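To find a chain, count down the sequence lines: A is the first, B the second, and so on, and within it residues start at 1. Note that the structure is a prediction, hence the values are computed from the model and not measured.
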Number of protein chains: 2
Amino acid sequence: MAKGKLSTRQQRMLTFIRDFLRENDYPPTIREIGRACLISSTSVVNYNLNKLEECGLINRNLRVSRGIQLTEAAPRNLVPIPLVGRIFASEPVPVPDAPASFAPDEAINLTRDLVGDGADLFALEVRGDSMIDAMIGDGDVVVMKRQIEARNGDLVAVWLNDSEETTLKHFYLEDGRVRLQPANPTMQPIYAIPANVRVQGKVVLVLRQMEAI
Amino acid sequence: MAKGKLSTRQQRMLTFIRDFLRENDYPPTIREIGRACLISSTSVVNYNLNKLEECGLINRNLRVSRGIQLTEAAPRNLVPIPLVGRIFASEPVPVPDAPASFAPDEAINLTRDLVGDGADLFALEVRGDSMIDAMIGDGDVVVMKRQIEARNGDLVAVWLNDSEETTLKHFYLEDGRVRLQPANPTMQPIYAIPANVRVQGKVVLVLRQMEAI
DNA sequence: CTTGACAGGGAACACCCGTTCTGTTATCAT
DNA sequence: ATGATAACAGAACGGGTGTTCCCTGTCAAG
């Protein structure tokens with residue numbers, strides 16, 4: 001019973017709970033919800049709260065006053081991702097060695113729906129315009145997953161042994177050779193033998209923040 | 001009576017309230033605080049809560065169950081941003097009219113350190129490769145701030161009246177004409193008279209999510 | 001020694017709040 | 001018609017919850 005459609009009343013209750021929580025920092029009671037949504041009976045509020053819980057939109061703590069949690073605001077929705085360094089074209093990716101060595105010196109928090117459980121993820125700030133053919137510019141932050149191998153189509157960071165540079169390209173292994181395809185479709189791919197490319201990780205997310213909102 | 005020193009008991013209560021709030025998303029009751037801090041009497045908890053309020057560390061809503069707010073970091077750091085539509089080169093940006101009409105049908109949650117308080121913000125999904133000179137590709141999500149005017153250097157979405165298209169460029173007003181500079185430094189700017197450009201909003205954040213983490 | 005402020009304990013009160021039970025109404029397939 | 005089911009209304013029950021009142025002990029100032 002994942003997602004029955006919400007009735008008008010249920011939708012109204014949900015937005016009220018959101019607004020109330022934003023205003024007061026604690027959830028409303030059943031009677032406060034009823035008063036705001038013009039529901040005279042507490043049992044009806046209770047009935048619809050159960051419906052909302054069945055849809056996975058809220059969590060209820062039974063027998064606890066104001067025991068309503070919005071699943072979207074649940075604290076475990078935030079995943080901290082360590083910002084481990086910068087990425088240059090002229091240097092390999094500084095992949096963090098110890099996965100568990102959680103360095104909270106600098107981290108960015110992202111929601112679980114963007115990055116999953118955050119396992120094996122780390123973030124890098126891009127320096128220079130060398131990744132421009134991957135549509136990634138100076139100052140962008142890339143979130144990467146640490147892995148050695150790549151599947152066809154993955155956008156990966158690779159170190160090219162002969163030219164000694166790091167680059168971000170889509171990876172394709174075909175006919176015994178590696179095709180590295182720029183994300184920008186107007187640019188040409190480059191080809192290499194497998195022994196020449198060392199996959200450093202796979203790009204999961206690109207984040208570009210303009211200064212001065 | 002701004003800041004008398006906190007007793008051990010008061011400090012313990014404060015950290016318990018923090019932990020409880022982090023875990024449950026709603027504040028504890030007086031008796032729950034007492035149980036956790038080994039205080040047998042509710043009046044003592046009440047007494048020390050008043051002390052904490054006098055120090056400005058919490059706010060109390062009298063006669064309301066669980067009516068405790070932490071003054072420090074209380075506001076939620078997740079900001080919901082409505083995903084209002086798609087952006088094509090051939091059509092104007094679908095700027096949402098009503099700012100207060102909170103449409104939770106589809107929204108992306110981002111942290112406050114990325115987007116501030118989220119005022120006047122909305123998100124659009126980019127369709128097509130027409131924004132490629134702004135380093136924005138098909139499937140990217142752009143978070144925009146609704147505004148009519150732009151300052152020099154802003155990355156804005158503009159509607160060009162004569163060519164009838166939407167484009168994302170850096171905005172510069174110089175010598176009475178508008179210079180629209182692609183974000184990709186290898187590409188050339190275009191020039192237009194101010195009457196020809198209509199600013200639709202300013203890009204605050206670009207988000208590119210790879211499928212299949 | 002008395003006094004007053006301060007910190008704490010215990011119990012009772014009155015209201016708040018979630019729950020549950022009994023109906024009522026409307027829709028719909030049988 | 002008929003039974004099933006969803007949605008809703010009202011009322012009552014019992015426990016949760018903030019508040020208040022009275023008490024004890026400590027400690028420094030008078």
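- With 3.5 Å as the limit, one finds no donor-acceptor pair spanning the side chains of A:Tyr26 and B:Asp25.
- B:Glu53 has its CD atom 15 Å from the C1' atom of D:dT19, to the nearest Å.
- Nearest approach of B:Ile39 to B:Val45, heavy atoms of both residues: CG2-CG2, 3.8 Å.
- Ion pairing of A:Arg60 with A:Glu53 is absent here, as no side-chain N (NZ or NE/NH1/NH2) approaches a carboxylate O to less than 4.0 Å.
- Spacing between atom CD of A:Gln10 and atom C1' of D:dA7 amounts to 10 Å, rounded to whole angstrom units.
- Look at CG on B:Asn50: it is 13 Å from P on C:dG8, rounded to the nearest Å.
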Measure all distances between protein nitrogen or oxygen atoms and nitrogen or oxygen atoms of nucleotides 17-21 of chain C, and list the pairs falling under 3.5 Å.
residue: C:dC17; atom: OP1; partner: A:Arg66; partner atom: NH2; Å: 3.0
residue: C:dG18; atom: OP1; partner: A:Arg66; partner atom: N; Å: 3.0
residue: C:dG18; atom: OP2; partner: A:Ile30; partner atom: N; Å: 2.9
residue: C:dG18; atom: O3'; partner: A:Arg63; partner atom: N; Å: 3.4
residue: C:dG18; atom: N7; partner: A:Arg31; partner atom: NH1; Å: 3.0
residue: C:dG18; atom: O6; partner: A:Arg31; partner atom: NH2; Å: 2.9
residue: C:dT19; atom: OP1; partner: A:Arg63; partner atom: N; Å: 3.0
residue: C:dT19; atom: OP2; partner: A:Asn46; partner atom: OD1; Å: 3.3
residue: C:dT19; atom: OP2; partner: A:Arg60; partner atom: NH2; Å: 3.1
residue: C:dT19; atom: O4; partner: A:Thr42; partner atom: OG1; Å: 3.0

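- If you measure from atom CD1 of A:Ile33 to atom C1' of C:dC16, you get 15 Å, rounded to the nearest angstrom.
- The backbone N or O of A:Leu173 sits less than 3.5 Å from a side-chain atom of A:Asn152, completing a donor-acceptor pair.
- The phosphate of C:dC6 (OP1 or OP2) has no side-chain N or O of B:Lys51 nearer than 4.0 angstrom.
- Take A:Glu125 and apply the salt bridge (charged side-chain N to carboxylate O under 4.0 Å, His left out) test, not counting sequence neighbours, and it matches A:Arg86, A:Arg127.
- Rounding to whole angstrom units, CG of residue B:Leu49 and P of D:dT17 are separated by 14 Å.
- Atom CD1 of B:Ile39 and atom P of D:dG18 are 14 Å apart (whole Å).
- Regarding contacts with the backbone of D:dA7, a side-chain N or O of A:Tyr47 is found under 4.0 angstrom from either OP1 or OP2.
- A close approach under 4.0 Å does not occur between any side-chain nitrogen or oxygen of B:Asn48 and OP1 or OP2 of C:dA7.
- The side chain to side chain contact (heavy atoms under 4.5 Å, CB included) test applied to B:Ile193 returns B:Ala195, B:Asn196, not counting sequence neighbours.
- What separates CG of A:Leu38 from C1' of D:dA7 is a distance of 17 Å, to the nearest Å.
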